[in-house]
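Throughout, a chain's letter reflects where its sequence line sits, starting with A, and its residues are numbered from 1.
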Amino acid sequence: MSSAGQLAIELDAERVGRRFSGDRAFRWLAGGCAALVALALLGAAASMAWGAREAFATFGLRFLISTDWDPVAHRFGALVPVIGTIVSSGIALLIAVPVSFGIALFLTEVAPAWLRKPVASAIELLAGIPSIIYGMWGLFVFVPFMAAHVDPWIDAHLGALPMIGMFFGGPPLGLGMLTAGIVLAIMVIPFVTSVMREVFLTVPKRLKESAYALGATTWEVAWHIVLPCTRQAVIGGVFLGLGRALGETMAVTFVLGNAHELSASLLMPGNSIAAAIANEFTEADSSIYRSSLIALGFLLFVLTFVVLAIARLMLRRIERKRGYA
Amino acid sequence: MSAVTLAEKLYRRRRARNALALLLSGCAAAFGLFWLGWILFTTIGNGLHALTPALLTRSTPPPGASGGLANALFGSLIMSALALLIGAPLGVLAGTWLAEYARRGRFGEMLRFLNDILLSAPSIVLGLTIYALLVQLMGHFSAWAGALALALIALPIVVRTSDEMLQLVPNAMREAALSLGVPQWKVTVQILWRQARPGIVTGILLALARIAGETAPLLFTALNNQYWSANLDAPMASIPVAIFQFAMSPYDDWHALAWAGALIVSVFVLLLGLLARSLLRRSRIAND
């Protein structure tokens, strides 16, 4: 009797033990996969830093402020592509932020209910189109359009102005910073819009209705109630868009013109970090050339990491607030 | 009298400003739709012109000759499938860890943060990473490297959706299963995964839609190949890279092929997006 009971208990203990080890194995397996995510990011940073060491050792900090880009003489500097990246992304945000705000406002406050879903889905479609398609469309359709209609007008009307004229003068090539900025804006709009729309929907109805009851117009509710309520997440959304624009490669490569010269005019061809890498990496014929391009990639990684980290921190706080509310 | 007109004036100005703002918001929406229409219109128009049966049967041609995209289509299929085979299981397991073992707490938060950053990291940087880690070590470009770069892009998407979808599974289900004495890993694999399956599949489809059109990470991992190749250890063609090469070229034949490729990729990606969204809607209804 007692030995049978003993056996049962032992069997049970063994089963529990086995089950425990199964649980533990699964937990470690899943945890290991999760650690891989962190490892991937770390690996990206480390491998780029390692690949870039030759460029940084050769040029030192001058790499960051030099406009040289001479594959024959093996002299490289990052200033032109870095400025190109920042300027084209800046133009993109200048266009995309107000437009996205308008679309989000339209989708949450203005449009009749039956129109909201189709328009929102259509805007989301824009986000789904691969960037190579934007690039091709930009090269074959948008660049000729800019060259024929927009650039001459800008050159004639804005290029003649004192002070700011230098930013708008130039031959009507169609290629250049302005074109790249506009194409980037189109690509970024759906991302910023979707964040704004989502957070606008989280504003408590009570707040909005109180304002309406006091006689506020729709615009006043949007500007004085909805926007202040969601400011942080809206900024987060804008930074998310900025992160996209900074790292966008294919679309920009097609329409930027790939010129390694610094030019004040937005109508002149330029370069960006991502475009330089995409265009030149497979053609790089010396190790210092390749290392310089990887160094550019490292700079891009650091830049986007900072921007995306800010974006996520801003958005996280809103998510948490929503979670506890 | 004058006070009334002042109030009236203010009222009118507010009304006018409101009308203007609402009009502009409508214009913004039209502006967004306008670009979508323009891009789709040119892609479909030019793509349909270039669609021929030869696309599926012949490989990419040298300049001046006619040909198709068969090898590029095949390469895209192989590398995307490989990328999902690598990325999806890892992603689902990592998402499971986040949802089931690290829902709250510092580690989980930290990892979600890093995953979100990996999710929006520039794809060209991820391509460079694989180049530095793999291509340089092996000494040559290969389809394996391309697939790994794509897997790196697919991974965070799958992690995020798996995490979110598993968190949506009601706790009562976990408690009911655990109270029957089922070990936790079995609860996860046989009950939670099944319940969250539509959502997890949606994540995998979204990842596929994203990597199907990715060009930048393939440029210096899988490179390109003019010929039909099934060798995973050698450079392999893909649709996006073929589009890039052909669109940048000065030949009209090649431009036509690029448009055909663009149409194929766009239709594939947009259909996948629609499929994913309908799946997601169904899973939401099921969970309610």
Subject >> B/Ser123 and B/Glu214 side chains, donor-acceptor separation under 3.5 Å >> reply: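 Yes - a donor-acceptor pair under 3.5 Å links their side chains.
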Original post:
When the ring planes of B/Tyr101 and A/Phe26 are compared, do they come out parallel, tilted or perpendicular, using 30° and 60° as the limits?
Top reply: tilted
Original post:
Taking the inter-plane angle between the rings of B/Trp35 and B/Phe31 on a 0 to 90° scale, is it parallel (under 30°), tilted (30 to 60°) or perpendicular (over 60°)?
Top reply: perpendicular
Which atoms of [X] are under 4.5 Å from chain A, going by heavy atoms: the side chain, the backbone, both sets, or neither?
{"X": "B/Tyr131", "result": "side chain"}
{"X": "B/Leu40", "result": "side chain"}
{"X": "B/Ala247", "result": "both"}
{"X": "B/Leu119", "result": "both"}
{"X": "B/Arg112", "result": "both"}
{"X": "B/Leu270", "result": "side chain"}
{"X": "B/Ala102", "result": "neither"}
{"X": "B/Leu155", "result": "side chain"}
{"X": "B/Val189", "result": "side chain"}

**OP:** Determine, stepwise, if the pair B/Asn18 / A/Glu220 fulfils side-chain hydrogen bond (donor to acceptor under 3.5 Å, both in side chains).
**Re:** CA-CA 7 Å; B/Asn18 185 49; A/Glu220 283 162 352; over 6 Å; no
With no hydrogens and no angle check, is any side-chain donor or acceptor of [X] less than 3.5 Å from a backbone partner on [Y]?
{"X": "B/Asn46", "Y": "B/Thr42", "result": "yes"}
{"X": "A/Thr304", "Y": "A/Gly243", "result": "no"}
{"X": "A/Arg116", "Y": "A/Ala111", "result": "yes"}
{"X": "A/Thr249", "Y": "A/Ala274", "result": "no"}

Of the listed residues ([options]), which shares the most heavy-atom pairs with chain A below a 4.5 Å separation?
{"options": "B/Gly95, B/Pro122, B/Pro156", "value": "B/Pro122"}
{"options": "B/Val269, B/Ile39, B/Leu33", "value": "B/Ile39"}
{"options": "B/Leu118, B/Ile117, B/Thr43", "value": "B/Ile117"}

In terms of heavy-atom pairs under 4.5 Å, which option from [options] contacts chain B the most?
{"options": "A/Ala44, A/Gly32, A/Cys33, A/Gly128", "result": "A/Cys33"}
{"options": "A/Gly31, A/Gly51, A/Gly297", "result": "A/Gly31"}
{"options": "A/Met136, A/Glu248, A/Met48", "result": "A/Met136"}
{"options": "A/Leu36, A/Val141, A/Thr282", "result": "A/Val141"}
{"options": "A/Thr218, A/Leu42, A/Ile123", "result": "A/Thr218"}
{"options": "A/Trp219, A/Tyr134, A/Trp137, A/Phe106", "result": "A/Trp137"}

Considering only heavy atoms, which portion of [X] lies under 4.5 Å from any heavy atom of chain B: side chain, backbone, both, or neither?
{"X": "A/Ile189", "value": "side chain"}
{"X": "A/Ile277", "value": "both"}
{"X": "A/Arg244", "value": "side chain"}
{"X": "A/Leu139", "value": "side chain"}
{"X": "A/Ser100", "value": "neither"}
{"X": "A/Phe254", "value": "both"}
{"X": "A/Thr193", "value": "neither"}
{"X": "A/Val110", "value": "side chain"}

**OP:** Would you check, one step at a time, whether the test salt bridge (Lys or Arg N to Asp or Glu O under 4.0 Å) holds for B/Glu109 with B/Arg106?
**Re:** CA-CA 5 Å; B/Glu109 281 301 302; B/Arg106 199 164 290 173; over 6 Å; no
Original post:
So which pairs with a foot in residues 34-54 of chain A pass side chain to side chain donor-acceptor pair (under 3.5 Å), sequence neighbours left out?
Top reply: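 Listed by first then second residue: A/Glu54-A/Ser287.
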Original post:
So among B/Ile86, B/Ile130, B/Ile211, which one has a side-chain contact (heavy atoms from CB on, under 4.5 Å) with B/Leu152?
Top reply: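 With B/Leu152 as partner, side-chain contact (heavy atoms from CB on, under 4.5 Å) holds for just one option, B/Ile130.
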**OP:** Taking the side chain as every heavy atom from C-beta outward, state whether B/Phe244 and A/Ile132 have any atom pair closer than 4.5 Å.
**Re:** yes
Original post:
Do the numbers put A/Arg312 on top of the ring of B/Phe113, so that NZ or CZ is under 6.0 Å from the six-membered ring centre and no more than 45° off the axis?
Top reply: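 No, cation not above the ring by the 6.0 Å, 45° rule.
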**OP:** Measure from the ring center of A/Phe140 to the ring center of B/His255 and say whether it is less than 6.0 Å.
**Re:** yes
Subject >> All salt bridge (Lys or Arg N to Asp or Glu O under 4.0 Å) counterparts of B/Arg17, not counting sequence neighbours >> reply: none
